[in-house]
Protein chains: 2
Amino acid sequence: MTERRKTPIELKHVPAHMCSTDLRLEILSRVPFFAVLPPHDLAKVNQRFHEKGFSAEEYIYYEGDPAFSLFVVADGRVKLIRHTVSGKDVMLDLLTPGEFFGSLSHLEQELNAETAQAQTNACILTIEKSEFHKILDSFPGVAMAVLEITSRRLNAAQEMIRQISAYSVEKRLAFTLLRLADKFGKNSDVGLLIEVPLSRDDLAQMTGTTTESASRVLSQFHKQGLIESGRQWIAVTDRLALERLAGD
Amino acid sequence: MTERRKTPIELKHVPAHMCSTDLRLEILSRVPFFAVLPPHDLAKVNQRFHEKGFSAEEYIYYEGDPAFSLFVVADGRVKLIRHTVSGKDVMLDLLTPGEFFGSLSHLEQELNAETAQAQTNACILTIEKSEFHKILDSFPGVAMAVLEITSRRLNAAQEMIRQISAYSVEKRLAFTLLRLADKFGKNSDVGLLIEVPLSRDDLAQMTGTTTESASRVLSQFHKQGLIESGRQWIAVTDRLALERLAGD
DNA sequence: CGCTGCCTTGATCTTCTTCAAAACGTGTGG
DNA sequence: CCACACGTTTTGAAGAAGATCAAGGCAGCG
């Protein structure tokens with residue numbers, strides 16, 4: 001119930017359009033599915049990638065456009081969105097350095113199934129679909145790791161379907177906050193701070209509800225002492241209570 | 001508006017607990033990710049599989065149980081379900097011969113994320129997780145095909161999230177009927193007949209709504225001349241109108 | 001200091017769920 | 001072959017959850 005309201009998030013991401021080339025190798029080595037490679041092979045893989053900087057809010061690609069490349073987040077946060085005819089967007093995922101997105105399929109003619117947008121200033125590594133498939137063919141361990149990650153994402157998506165189908169907005173928001181805290185949480189003086197600039201609207205898009213409903217539920221959470229929050233930031237202050245609420 | 005109401009679905013599946021061993025090889029060769037294998041290798045793969053018959057309604061495994069195996073539908077229909085605390089189940093998928101389910105991860109200790117239940121009498125091929133991974137290691141083409149299928153399923157799950165988040169029950173049901181018609185549809189004298197015994201409750205579980213709401217919407221579709229239906233069966237009679245309604 | 005965009009809160013309205021009961025079909029056993 | 005019994009489907013009425021509409025407040029920034 002404290003009245004701390006200034007944003008505690010420090011965005012120390014790269015300036016837009018400035019990815020350090022020197023850091024690429026180090027970043028690639030931390031990508032889960034390249035971690036299996038010996039240094040020599042990793043260096044070869046590195047050469048196939050290009051890098052590109054994006055400003056916060058900038059679009060990386062659009063749903064429906066032809067899909068040419070696979071992307072890897074090197075720095076910053078990237079959100080994946082699907083649009084709807086009514087203009088209500090749905091956020092499918094929020095990515096952190098080391099995660100990939102874009103097209104996996106080797107089919108030509110494929111279209112992007114979602115829109116990718118930089119949530120913060122971001123540095124993105126890209127590789128042509130065909131180049132990436134050469135890597136998959138050369139290093140079966142990489143293919144297995146990609147499969148493993150894709151399976152986990154499928155599981156997460158199906159879990160989301162269960163949630164939206166059967167649980168209240170309150171439960172879903174509690175659940176979403178817990179996931180975000182796991183992925184982006186960092187201990188700070190306001191509690192377990194979620195280190196991404198997240199608006200009420202973002203939360204709404206992640207839980208399948210409206211800005212207003214998300215705001216109402218968060219206000220209630222705050223009254224109950226479960227969270228601290230302000231403009232574009234949220235911190236979890238009572239994780240156990242949130243878990244009880246999410247019913248997990 | 002005709003009054004044809006007798007079930008037109010003929011279930012000519014194997015009797016329960018009786019899978020013909022002779023047909024296994026033929027079935028495996030039609031599994032998309034084994035289709036890439038030459039006959040000799042396929043025969044070797046075949047030896048690693050076991051078969052088991054299930055009666056309609058019988059459970060194959062339960063959500064939360066330890067996951068030991070990967071499964072392939074040889075004959076019949078299998079549904080994948082997630083349960084909820086309120087008792088409202090969510091159907092994630094309805095599988096047809098050639099499709100796989102169960103555990104892909106090589107992690108021990110993994111638990112089933114969903115329940116698998118035979119929707120009709122069914123014959124299921126099973127293989128130990130570790131055995132399947134030997135196959136993946138030996139035949140990279142198989143691993144790539146599995147990755148491709150998993151990606152498509154991820155895409156389908158994410159599309160479902162968009163639907164449930166943003167569209168009305170009416171739109172979602174129209175969309176679900178179209179998908180079912182694509183996968184299970186067969187031309188018949190009542191229209192494009194969906195060849196699975198599907199109750200209103202099944203449809204509700206697939207679209208994230210209740211039995212009653214599903215029934216109401218289907219009644220309306222029937223009045224509009226879009227479908228023909230009866231107890232546990234549905235046929236699409238006006239595909240174009242349904243597509244218009246689904247807004248695709 | 002005022003502008004812009006985000007957040008909050010209230011009031012109303014729509015959609016869908018819930019509860020209840022009746023009608024129907026399908027398979028069964030007489 | 002018919003009648004009964006069971007599970008499925010339909011329909012109505014009431015209620016709840018959440019969406020929508022609207023207005024005001026607050027933070028951060030130029």
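Letters A, B, ... mirror the listed sequences (proteins, then strands); counts begin at 1. Because the structure is a prediction, the values reported are computed rather than measured.
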| task | Starting from C1' on D/dT9, measure out to CG on B/L218 and report it in whole angstrom. | result | 10 Å
| C/dT17 P sits how many Å from B/I164 CD1, rounded? | 11 Å
| request: List for me each residue that meets side chain to side chain contact (heavy atoms under 4.5 Å, CB included) alongside B/A157, sequence neighbours excluded, and say none if there are none. | output: A/L154, A/A157, A/Q158, A/I161
| task | Check every strand shown and say whether A/S199 touches a base, only sugar-phosphate, or nothing at a heavy-atom separation below 4.0 Å. | result | sugar-phosphate
| task | Go along nucleotides 14-19 of chain D 5' to 3' and tag each nucleotide: B for a protein heavy atom under 4.0 Å from its base, S when only backbone or sugar atoms are that close, - otherwise. | result | ----SS
| task | Grab the CD-P distance between B/Q232 and C/dG27 for me, whole Å please. | result | 9 Å
| task | Hey, could you give me each pair passing salt bridge (Lys or Arg N to Asp or Glu O under 4.0 Å) that has a residue in residues 80-97 of chain B? Not counting sequence neighbours. | result | A/E159-B/R82, B/D93-B/K183
| request: Could you state the atom-to-atom distance from CZ of B/F221 to C1' of D/dT10 in whole Å? | output: 16 Å
| request: Grab the CH2-P distance between A/W233 and D/dA27 for me, whole Å please. | output: 12 Å
| field | Counterpart residues, ring-ring contact (aromatic ring centres under 6.0 Å, His included), relative to B/F68 (two or more places apart) | value | none
| task | Only counting residues at least two apart or in another chain, list the ones meeting ring-ring contact (aromatic ring centres under 6.0 Å, His included) with A/Y167. | result | none
| field | Ionic contact status for A/E212 with A/R216, cut-off 4.0 Å | value | no
| task | Starting at atom CD1 of B/I234, determine the distance to atom P of D/dT8, rounded to an integer number of angstrom. | result | 15 Å
| Taking atom P of D/dT9 as reference, at what distance in whole Å does atom CG of B/L173 sit? | 13 Å
| field | Qualifying residues under side chain to side chain contact (heavy atoms under 4.5 Å, CB included), relative to B/D238, sequence neighbours excluded | value | B/L226, B/L240, B/A241
| query | Does a donor on one side chain sit under 3.5 Å from an acceptor on the other, for B/T209 and B/T207? | reply | no
Below 3.5 Å is the cut-off: list the nitrogen or oxygen pairs between protein and nucleotides 22-26 of chain D, distance only.
none

| remark: Residue set satisfying side chain to side chain donor-acceptor pair (under 3.5 Å) with A/T96, at least two apart, ordered chain then number -> A/R77
| query | Does D/dT11 have OP1 or OP2 sitting under 4.0 Å from an N or O in the side chain of B/S219? | reply | yes
| query | Using rotation axes that map the C1' atoms of four end pairs onto the next four (five pairs an end), what angle separates the end axes of the helix from C/dC7-D/dG24 to C/dG30-D/dC1, to 10°? | reply | 30°
| query | Which residue pairs pass the salt bridge (Lys or Arg N to Asp or Glu O under 4.0 Å) test when at least one of the two sits in residues 63-72 of chain B, sequence neighbours left out? | reply | A/R162-B/E63
| request: Mind checking ring-ring contact (aromatic ring centres under 6.0 Å, His included) for A/F184 and listing every partner two or more places apart, or none if nothing turns up? | output: none
| Between B/D201 (CG) and C/dT17 (P), how many Å, whole number? | 12 Å
| remark: Hits for side chain to side chain donor-acceptor pair (under 3.5 Å) against A/E170, two or more places apart or cross-chain, chain-then-number order -> A/Q220
